[in-house]
Amino acid sequence: MSNINVEYVDYQVAGQDFQGCLLFPKGAKNQPAVLLAPNWMGVADVAIDAAKSVAEKGYVVFVADLYGAKVRPTNGDEAAAAMMAVKDQPAERQRMQGALDALLAQQHAPVNVAKVAAIGFCFGGHCVLELARSGAKLNAFVTFHGGLDTKDTDGAKNISGSVLVLNGAEDPLIPAEQISGFVEEMKGHNVDWQLINYGGAVHSFTDPTANVPGMSQYNEKVTHRAFAQMYQLFADVL
């Protein structure tokens, strides 16, 4: 049997119902916490499996619901529609903050509120950076193959935690100008940041179900290296 508890948590943001997923080692108390923003498929098996792997390292993990309790995409078209209704809107930051609040308020595995990070995958990575730009007081913000663009080009001045971007160097969805813009944004506000480009990796390199060569494809070796970088940062700041 797994030593990880998995519980669904109902919460509200701006009067709307949401349901995230809480994962934690049995008996966890005063553990560091990780808010996980999933890819465009939302609170789905891929996100929960990733959260479980993090929880097994001793963290309390909460998979954020970015769409609402009644929105559960079943294919790419549905996911794209749900994502575009949130991306670059005030709701993106609001829903990330609401999920963070739900994580910190839950009682089943009380967390150390001084040791909290946010991580995100694809669209979730974009959400994590927007949470950082909003001024959320977390220790670390980590993105895996996530979007780096923003409408809030001065938002980096609000970032207080360390930023780690784990990017596929061949990702066609993250063009060079987006990367250079992000670098200048970070440098312009003296953020503690790192950006690592993985050669041969494209979009969704951590997703075992991704299998569109040249576009979106799982890469086991790069996934292992990227998570190792994340845990190294956690060891430094959590």
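Any value given below was found using the heavy atoms of this structure, including those in side chains, with hydrogens, waters and symmetry copies removed. Here, residue 1 is the first one in the sequence, and each next residue gets the next number. None of the values given here were measured: they were computed from a predicted structure.
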How close do [X] and [Y] get, heavy atom to heavy atom, and via which atoms?
X	Y	answer
A64	A99	CB-CB, 3.5 Å
G120	V128	N-CG2, 3.5 Å
R72	Q19	NH2-O, 3.0 Å
S162	V237	OG-CG1, 3.8 Å
N112	P32	CB-N, 4.5 Å
A79	M41	CB-SD, 3.6 Å

Practice problem: May I have the step-by-step check of side chain to side chain contact (heavy atoms under 4.5 Å, CB included) for V13 and Q97, ending in yes or no? | Solution: CA-CA 9 Å; V13 180; Q97 184 62 52; over 6 Å; no
If only atom types and distance count, is the side chain of [X] paired as donor or acceptor with the main-chain N or O of [Y] below 3.5 Å?
X	Y	value
Y67	W40	yes
Q106	H108	yes
R93	Q89	no
T223	F205	yes
N139	V116	yes
N158	R133	yes
H203	C122	no
D65	F18	no
Q31	G58	yes
E92	D88	yes

To the nearest 0.5 Å, tell me how far [X] [atom1] sits from [Y] [atom2].
X	Y	atom1	atom2	result
E130	D152	CD	CG	6.5 Å
M186	L148	CE	CG	9.0 Å
N219	H224	CG	NE2	12.0 Å
S160	D192	OG	CG	11.0 Å
L100	K137	CG	NZ	13.0 Å
L35	L138	CG	CG	7.5 Å

Quiz item: Does the pair E185 and T153 meet the rule for a side-chain hydrogen bond (donor to acceptor under 3.5 Å, both in side chains), with working shown?
Solution: CA-CA 7 Å; E185 178 192 5; T153 56; over 6 Å; no
Check whether any side-chain heavy atom of [X] lies under 4.5 Å from a side-chain heavy atom of [Y], and answer yes or no.
X	Y	value
F24	E7	yes
D154	H189	yes
M230	V54	yes
L166	Q194	no
Q229	Y198	yes
I48	Y8	yes

Exercise. Over 60° means perpendicular and under 30° means parallel, so classify the ring planes of F182 and W193, tilted if in between.
Key: perpendicular
Quiz item: Parallel, tilted or perpendicular: which fits the ring planes of H126 and F123, with parallel below 30° and perpendicular above 60°?
Solution: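 Parallel.
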Is it true that [X] and [Y] fall in one hydrophobic cluster, defined by side-chain heavy atoms closer than 4.5 Å?
X	Y	result
V191	I179	yes
M215	Y218	no
I119	Y231	yes
I4	V60	no
F144	V34	yes

Quiz prompt | R225, CZ atom: more than 12 neighbouring heavy atoms under 6.0 Å | solution = no
Quiz item: Just wondering, are more than 12 heavy atoms of other shown residues or ligands nearer than 6.0 Å to CG in N190?
Solution: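 Count not over threshold, so no.
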Quiz prompt | Verdict with supporting geometry, C127 and L66, side chain to side chain contact (heavy atoms under 4.5 Å, CB included) | solution = CA-CA 9 Å; C127 293; L66 301 173; 3.8 Å; yes
Exercise. For the pair F141 and T143, evaluate side chain to side chain contact (heavy atoms under 4.5 Å, CB included) and give the outcome as yes or no after the intermediate values.
Key: CA-CA 7 Å; F141 303 89; T143 79; 6.0 Å; no
Quiz item: Please walk me through it: do V61 and L103 pass side chain to side chain contact (heavy atoms under 4.5 Å, CB included)?
Solution: CA-CA 8 Å; V61 185; L103 166 61; over 6 Å; no
Practice problem: Run the numbers on Q232 and D236 for side-chain hydrogen bond (donor to acceptor under 3.5 Å, both in side chains), then give the verdict. | Solution: CA-CA 7 Å; Q232 180 178 318; D236 288 343; 4.9 Å; no
Practice problem: May I ask you to list the residues sharing a hydrophobic cluster with V202, side-chain cutoff 4.5 Å, ordered by chain and number? | Solution: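 Once heavy-atom contacts under 4.5 Å are chained together, V202 still belongs with nothing else.
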